[in-house]
Amino acid sequence: MENKIRIYNTLSQKKEDLAPFEGKKIRIYVCGPTVYSSAHLGHARAAVTFDVIQRFLKNVGYEVTYARNFTDIDDKIINKSNETGIPPQEIARIYTEEYIEDMDSLGVQAPTFQPKVTEHVPEIIDLIKTIIDRGYAYQSGGDVFFSIKKFPSYGKLSKRAPDEMLAGVRIDINERKEDPLDFALWKGSKPGEPWWESPWGQGRPGWHIECSTMSMKYLGSSFELHGGGKDLIFPHHENEIAQSEAATGVEFVRYWVHNGLIEINRAKMSKSIGNIINVREALTRWSKEAIRLFFLSHQYQNPADFSEDTMDENESALERLYITLKRAKDQKNNGRKGDSELAGNLNKFKTTWIEAMYDDFNTADALGNLFDLARAINRSIDSFGWTSTLEEALKEVRVFGSVLGILELDPKDYLQREKLSKSALEMTEEEIKQLIEERTASRKEKNWKRADEIRDYLSSKGILLEDTPQGTIWRVKS
RNA sequence: GGCGGCGUAGCCAAGUGGUAAGGCAGCGGUCUGCAAAACCGCAAUACCCCGGUUCGAAUCCGGGCGCCGCCUCCA
């Protein structure tokens, strides 16, 4: 097995060995949402991607410190406030809470720190002062701008040269900027807008500076891993690098990691196109683990094209795994010791899934190996029922599941309750159980007609029956 | 125009030099009262096209076609 984690670094455009600054400590910062609307699948993918990365790192022995911010003061929030009449703070509060709830619903573990911009304005002002003092920024009216000319390596992340960026590009000509590409560290406030007192007058932080401030506050001037969606590479992360390195003189981040975007019918999901799918909408139809499975069955850097059919397929795939787990659980100990064939498959799985994850967190590859193991488990059950090897295999599946955040439910709960709640059928568990009892009685009398009638009826209601040696079981159809 | 990326069977999707994981859907078989699930098997002559490098390329290089993202708020 390889002993180095390989990770694709946007900065070098190569896979590199993951090497912490110190021991086995990894510090991660991920750009969280600007809280002015409900979380959509794009937010969810980013959150799940880095959730799995941090889970895996912990699993293989790293000590992870993970920060993800809330940008709770921003032009977009102010615009929303102007549209709705709801105060900006209230908008931010509502969507911050929603985001926390939604990510929790998706099984995303809470980061170590979840700092908010509005709670760090003094630190932001200090950082801006430092940048000005070091000669990288200038005041102009009530604004403060970062001067990209002073930062020669500007463009190193997004691979673009400042001269080229200007050509044919739509840029607001702001009279107060020395260079059109300069960006605001501090924005003077207009009447009616939220503001904080600063050396440059009343105003608020510009976009970008909050992430530099908070990441460095919680993780240090230099830290290992900074993540976010690919759409943030420019200008957001480019500007973060410029500001941070201008302020400290040291390398800001060692590995830049970017997840691919969600597409709908091969077009980016975005507010301007209006094809947004919110997390809570998706959760009314598919289980949280199916949604995670959808994300994780793609390599994290690739685009993921969303469709209802694809989601249904993921739900079916998840169901297959849970059915296998349930079968395994239902086996009785029959005294047999082990199954060498399964043991071989288990060993293979143990190494292959770890290897896949070591290679740039390739969850899609790892999942392929899981399905191989599931087949091996089923085969073993068919031949031997319960064995100690089966027990070991289930243990390993649980470990794997805990890294990906899937297969964490009791199989029965998934196959019945979880799915019952996602389907439109109006049937209680009690009613279902009664009908099954009646059918079991009919079957004993070999009254196949009545038995089939009941089965067909339940089927029409979306309930699938299965007659097993242990009795009749049911689940909700996909 | 600049930068980045993608094009693998019916659909989804791994795979950066040695003759192609996995899932979903389909077909046949075993099992079953019949089903379901599971297993076994099948199928789809699956690597966008054309050149090149190589003993050997889906994988590297060049060219072409198609699609997408960023360059403007965005996970």
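Just the heavy atoms: all of them, side chains too, but no hydrogens, waters or symmetry mates, feed the values below.
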> Of A:V52, A:I5, A:V403, which is the lone residue that meets side chain to side chain contact (heavy atoms under 4.5 Å, CB included) with A:L57?
Replying inline: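 Of all the options given, the one that passes is A:I5.
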Let's see if you can work this out: which of [options] has an atom nearest to the side-chain heavy atoms of [X]?
X      : options                : value
A:R439 : B:rA14, B:rG33, B:rG23 : B:rG33
A:E263 : B:rG23, B:rC68, B:rA75 : B:rC68
A:N362 : B:rG15, B:rC12, B:rC3  : B:rG15
A:D231 : B:rC12, B:rA75, B:rA21 : B:rA75

Would you mind classifying the nucleic acid contact of [X] as base, sugar-phosphate or nothing, using non-hydrogen atoms under 4.0 angstrom?
X      : value
A:Q13  : sugar-phosphate
A:L232 : sugar-phosphate
A:L293 : nothing
A:D382 : sugar-phosphate
A:A364 : base
A:R160 : base
A:D372 : sugar-phosphate
A:H258 : nothing
A:K230 : nothing
A:G229 : sugar-phosphate
A:G32  : sugar-phosphate

Distance criterion of 3.5 Å, no angle test: do you see the side chain of [X] paired donor-to-acceptor with the base of [N]?
X      : N      : answer
A:R443 : B:rG33 : yes
A:R455 : B:rA35 : yes
A:D452 : B:rG33 : yes
A:D467 : B:rC34 : yes

Just N and O in the side chain of [X]: are any of them under 4.0 Å from OP1 or OP2 of [N]?
X      : N      : result
A:R327 : B:rC39 : no
A:R320 : B:rC39 : yes
A:R68  : B:rA75 : no
A:R379 : B:rA38 : no
A:N314 : B:rC12 : no
A:N259 : B:rA75 : no

[atom1] atoms of [N] and [M], separation to the nearest Å:
N      : M      : atom1 : value
B:rC60 : B:rU54 : C1'   : 10 Å
B:rA36 : B:rA13 : P     : 29 Å
B:rC24 : B:rA9  : C1'   : 13 Å

Using purine N1 to pyrimidine N3 plus N6-O4 or O6-N4 for Watson-Crick, or N1-O2 and O6-N3 for G-U wobble, both under 3.5 Å, which nucleotide pairs with [N]?
N      : result
B:rG1  : B:rC71
B:rA38 : B:rU30
B:rU53 : none
B:rG66 : B:rC6

[X] [atom1] to [N] [atom2], straight-line distance once rounded to whole Å:
X      : N      : atom1 : atom2 : result
A:N278 : B:rA75 : CG    : P     : 13 Å
A:F349 : B:rA21 : CZ    : C1'   : 14 Å
A:E308 : B:rC11 : CD    : P     : 19 Å
A:L367 : B:rG22 : CG    : P     : 13 Å
A:I323 : B:rG23 : CD1   : C1'   : 14 Å
A:E445 : B:rC34 : CD    : P     : 19 Å
A:L106 : B:rA75 : CG    : C1'   : 13 Å
A:H43  : B:rA75 : NE2   : P     : 4 Å

> Where the side chain of A:S459 meets the backbone of A:R455, is there a donor-acceptor pair that is under 3.5 Å apart?
Replying inline: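 Between the backbone of A:R455 and the side chain of A:S459 there is no qualifying donor-acceptor contact (under 3.5 Å).
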> With sequence neighbours excluded, what pairs up with A:Y8 under the ring-ring contact (aromatic ring centres under 6.0 Å, His included) test?
Replying inline: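 Once residues adjacent in sequence are excluded, A:Y8 has no partner under the ring-ring contact (aromatic ring centres under 6.0 Å, His included) criterion.
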> Does the ring of A:F371 meet both stacking tests against the six-membered base ring of B:rG22: centre distance under 5.5 Å and plane angle under 30°?
Replying inline: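 Not stacked: fails the 5.5 Å / 30° test.
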> Is the closest basic N to carboxylate O distance between A:E445 and A:R450 below 4.0 Å?
Replying inline: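 No salt bridge links A:E445 with A:R450.
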>> List the residues meeting side-chain hydrogen bond (donor to acceptor under 3.5 Å, both in side chains) with A:H298, not counting sequence neighbours, and say none if there are none.
In response: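 Checked A:H298 against side-chain hydrogen bond (donor to acceptor under 3.5 Å, both in side chains); zero matches.
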> What about the rings of A:Y66 and A:F50, do their centers lie closer together than 6.0 Å?
Replying inline: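 Aromatic pair excluded; centres sit 6.0 Å or further apart.
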>> Nearest 0.5 angstrom please: A:T472 OG1 to A:K433 NZ, how far?
In response: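 Those atoms lie 13.5 Å apart.
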>> Angle between ring planes, A:H236 versus A:H208, binned at 30° and 60°: parallel, tilted or perpendicular?
In response: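 Plane angle between 30° and 60°, so tilted.
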